Amino acid sequence: MRIPFIAISGLLLAATGASAADVKSISRLAAGPDNILFVADWKAARVHAITLPAAAQQPSGTIFNVLDLEPRLSREVGGAKVTVEDMVVRPGTGEVYVAVSYGPAKKPALIVVTSDKKTRRINLQAAPSTSIALRNAPTTDNSFWRDTPERSFTATDMKWRNGELFVAGLSNQDFASTLRRIKYPFGSEQSVTSVEIYHAGHNLIETRAPVRAMSFASWGGKSYLVAAYTCTPLVTIPLDDLKDGAHIRGKTVAELGYGNTPADMISYTTTREGKAEDVLLLVNFNRVSNLIPVSQLEAAGARPGIEKNVPYGQVTGLDVAQVPLSGTLRVDNLDDKSIVVVRRQLERDALQLVSIGKELSFRLSDHVSEYAFPEFSFRGNAFQQQYAKPRVDILMKEEGFPELIKASE
């Protein structure tokens with residue numbers, strides 16, 4: 001049988017035994033180079049690299065105000081109930097890719113959403129793709145709390161960086177918590193590293209619980225993977241330590257609160273008090289989001305890691321800012337100005353896809369505050385005129401309420 005070949009970036013690439021047409025599930029997505037979108041398929045224990053059609057580049061400043069995301073996604077799968085599994089931005093295009101499962105069988109689907117509120121489903125059967133099997137994938141039929149398959153944690157997070165795909169999750173080994181590094185284009189090179197951490201809230205060395213959210217940061221001339229675990233230790237791992245067959249121990253640099261599962265983590269540069277600053281944004285399912293300055297991580301790197309019990313509820317190790325992103329399920333960089341989030345807006349019980357400025361990290365229209373009242377005026381208040389009004393005006397415009405901007409007074 002002839003092996004099909006697909007041209008990607010001028011290379012001829014042999015398919016590795018499966019294609020996107022065979023996708024059985026989608027747990028995580030990652031945007032790669034040259035129109036490539038990576039799809040982690042936990043049921044098949046594979047990662048698929050889908051080649052997307054070329055898309056027009058969009059300048060910074062795209063705004064998303066999709067306040068009725070759920071019915072729009074449902075229409076793309078014949079009206080079935082949907083669950084969002086992941087979301088990723090296709091860099092520079094203004095396109096957001098949302099992975100869902102739908103129906104009683106939890107079938108996977110991949111749907112593109114654009115800022116004009118249009119949606120379209122990707123035809124995975126027709127998408128050119130290559131695939132690679134994840135080594136030492138879980139094979140157990142165990143379930144957590146009766147109905148969550150252990151194998152669904154094969155890929156708990158996935159990020160692209162400098163020619164490599166980093167995949168966090170579980171393996172079938174005794175030390176199950178695993179970080180994989182996969183070169184792309186796919187070949188035989190794939191490193192598998194088992195990871196243990198000291199979880200200060202639990203007062204326990206943990207080798208099974210996987211990384212739930214991760215990103216990257218650099219300081220002191222070295223690059224690090226920054227990982228958040230359930231309940232919520234924050235750990236740094238030098239990328240140089242992630243070698244095939246190694247068993248390593250991450251450095252616990254913070255405890256960010258008990259009773260929580262991290263949802264997602266991204267890195268970007270923002271402006272705080274007039275200065276550019278590299279930060280990580282960690283969003284959580286059960287707690288407030290955290291804005292983590294890389295300078296704080298660098299300072300923690302110069303200190304010993306946390307090696308003793310931290311009482312439940314105590315936040316220690318880093319001075320992190322709290323960010324009002326409650327209900328956020330997934331987050332990604334939209335452009336240099338904004339992030340975009342899939343969230344469950346709690347007051348309205350609505351699934352939404354909205355953009356949020358990196359400088360302020362909140363939406364004015366989420367709140368009925370003093371500024372919302374038609375009788376409110378900035379007149380006669382120099383502080384409000386100088387600091388509040390410019391920001392309020394920007395938020396009103398971006399969130400779709402330009403007619404409510406008050407005249408300068």
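Start at 1 with the first residue, then count along the sequence. Please read all numbers here as calculations on a predicted model, not as lab measurements.
A donor-acceptor pair under 3.5 Å is absent between the side-chain atoms of D41 and the main chain of R46, judged by distance alone.
Y198 and N203 share a donor-acceptor pair across their side chains, judged by distance under 3.5 Å alone. A donor-acceptor contact closer than 3.5 angstrom links the side chains of T178 and S171. For R363 and N65, the side-chain atoms include at least one donor-acceptor pair closer than 3.5 Å. Inspection of the N172 and T139 side chains reveals no N or O donor paired with an N or O acceptor under 3.5 Å. If you check the side chains of S223 and S218, you find a donor sitting under 3.5 Å from an acceptor.
Considering L69, L67, V66 in turn, L69 is the only one that fulfils the side-chain contact (heavy atoms from CB on, under 4.5 Å) rule with L351. The one candidate from Q345, E70, R343 that meets the side-chain hydrogen bond (donor to acceptor under 3.5 Å, both in side chains) condition with Q352 is R343. Checking E76, R72, R75 one by one against T119, the side-chain hydrogen bond (donor to acceptor under 3.5 Å, both in side chains) holds for a single residue, E76.
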### Task
Could you give me the CA-CA distance, side-chain angles and deciding distance for D366 and R348, then say whether salt bridge (charged side-chain N to carboxylate O under 4.0 Å, His left out) is met?
CA-CA 10 Å; D366 286 344; R348 297 176 177 85; 5.0 Å; no
### Task
Walk me through it: do D332 and R330 pass the test salt bridge (charged side-chain N to carboxylate O under 4.0 Å, His left out)?
CA-CA 7 Å; D332 201 6; R330 293 289 186 254; over 6 Å; no
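For residues 392-405, the pairs satisfying side chain to side chain donor-acceptor pair (under 3.5 Å) are S365-E399, K389-D393, with sequence neighbours left out.
Checked for salt-bridge contact, R135 and D244 meet the test: a charged N lies under 4.0 Å from a carboxylate O. Between R249 and E307 a salt bridge is recorded (basic side-chain N to carboxylate O distance below 4.0 Å).
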